[in-house]
Number of protein chains: 2
Amino acid sequence: MEYTIAEVADQTGLTAHTLRYYERAGLLDPPERDWNGHRRYSERDISMLRLLTRLRATGMTIAEMRRYAELCRVGPATFDERRELLEDHRRQVQQKIAELQTDLALIEYKISVYTGADDVPAAMSGLPAPDLARP
Amino acid sequence: MEYTIAEVADQTGLTAHTLRYYERAGLLDPPERDWNGHRRYSERDISMLRLLTRLRATGMTIAEMRRYAELCRVGPATFDERRELLEDHRRQVQQKIAELQTDLALIEYKISVYTGADDVPAAMSGLPAPDLARP
DNA sequence: GCTTGCCTTAGAGCGCGCTCGAAGGGGGAG
DNA sequence: CTCCCCCTTCGAGCGCGCTCTAAGGCAAGC
């Protein structure tokens with residue numbers, strides 16, 4: 001099964017403009033064309049795009065995704081390097097999650113201050129009071 | 001205790017340029033000046049900056065932070081609105097964490113594929129195989 | 001007195017990741 | 001044939017969040 005650019009845009013949540021941009025940027029192999037020059041995306045293209053969108057959502061840069069795509073183009077010989085790239089990225093995602101969780105605790109502390117409840121989470125009792133009021 | 005812009009830059013990890021930018025952008029009340037016009041940041045300024053950096057790190061935009069700062073300037077009458085703003089942001093952070101955790105599972109699945117181990121996590125067994133090799 | 005170094009301002013510039021505009025073609029419906 | 005819609009390419013433009021430059025002030029050290 002193959003798809004037009006509009007169908008792929010629909011399926012991936014990217015715009016047609018962005019799909020062409022990704023192709024230009026070297027993130028995606030140029031798909032086949034039909035008789036009149038329109039792109040026909042394969043299932044494989046779609047899976048690659050789905051992976052790319054998740055990598056983007058987790059903060060991978062275009063340059064890193066291009067690197068990954070280049071390794072894919074080379075072939076199975078690059079499995080190790082691709083794994084390393086993904087392992088690096090995994091670490092970054094894990095760190096980001098940890099950071100967000102810490103920051104979430106601070107946000108919840110601030111909310112509790114504004115709520116006027118005195119049931120401040122015990123874990124926060126030692127926090128340097130952040131700009132409590134500015135009355 | 002008061003601090004120079006360089007000391008604050010040091011403490012917050014922001015640059016002096018960025019500190020002036022935040023002030024211009026309305027995120028921070030203009031600090032006091034000493035006799036020769038240099039900024040003297042108070043402890044209160046520092047706490048606000050520390051909060052702002054965590055809000056930035058969790059994806060709050062400059063515009064939203066400005067809104068928060070404006071509410072702070074108005075006074076205690078805006079406690080409710082500040083709480084709502086932070087509650088909205090909390091929801092966004094929670095969603096982002098959830099998304100990252102889902103995406104992390106996909107990344108780990110891909111790593112397992114490249115590792116060649118056949119001990120693919122059971123939870124993943126139903127995944128549409130993402131671009132396994134492109135040989 | 002000169003150099004060094006940190007500070008000031010206003011405003012321009014940059015990197016990223018899109019996002020859009022212009023100009024044009026081909027095909028199907030009425 | 002006309003209208004409309006979707007596609008094409010190339011290249012410019014944009015929004016965000018900084019980041020830096022230029023031009024200059026003041027003060028301490030040599």
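Any value given below was found using the heavy atoms of this structure, including those in side chains, with hydrogens, waters and symmetry copies removed. Residue numbering restarts at 1 for every chain, and letters A, B, ... go by the order of the sequence lines.
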Which nucleotide wins on minimum distance to the side chain of [X], given the candidates [options]?
X	options	answer
I62(B)	dC18(D), dG27(C), dC18(C)	dC18(D)
T61(A)	dT19(C), dG11(C), dG17(C)	dG17(C)
T4(B)	dC7(D), dT19(C), dC7(C)	dC7(C)
H38(B)	dG17(D), dT8(C), dG27(C)	dT8(C)
R39(B)	dT8(C), dG17(C), dT19(D)	dT8(C)

Length of the line joining [X]:[atom1] and [N]:[atom2], which is rounded to integer Å:
X	N	atom1	atom2	answer
H17(B)	dC6(C)	NE2	C1'	12 Å
Y21(B)	dG13(C)	OH	C1'	14 Å
L55(B)	dG17(D)	CG	C1'	16 Å
R24(A)	dC10(D)	CZ	P	9 Å

TODO: For the pair E70(A) and R73(A), find out whether any cationic side-chain nitrogen is under 4.0 Å from an anionic carboxylate oxygen.
DONE: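 The answer is no: the pair does not qualify as a salt bridge.
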
Base, sugar-phosphate, or nothing for [X], non-hydrogen atoms under 4.0 angstrom?
X	answer
A25(A)	nothing
R33(B)	sugar-phosphate
R56(B)	sugar-phosphate

Open item on the list: Can you work out whether T15(B) or I5(A) has the more 5'-proximal nearest nucleotide on DNA chain D?
Closed with: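 Result of the comparison: I5(A).
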
Open item on the list: With nearest nucleotide decided by heavy atoms, which residue, A63(B) or E23(A), maps closer to the 5′ end of DNA chain D?
Closed with: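 On the 5' side of the pair lies E23(A).
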
- [ ] Please indicate whether E84(A) has more than 12 foreign heavy atoms, meaning atoms of other residues, nucleotides or ligands, lying under 6.0 Å from its CD.
- [x] yes

Task: Main-chain N/O of T78(A) paired to E81(A) side chain as donor or acceptor, under 3.5 Å - done: no

Task: Presence of Y22(B) side-chain N/O under 4.0 Å of dG17(D) phosphate oxygens OP1/OP2 - done: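 Indeed not, no polar side-chain atom of Y22(B) lies that close.
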
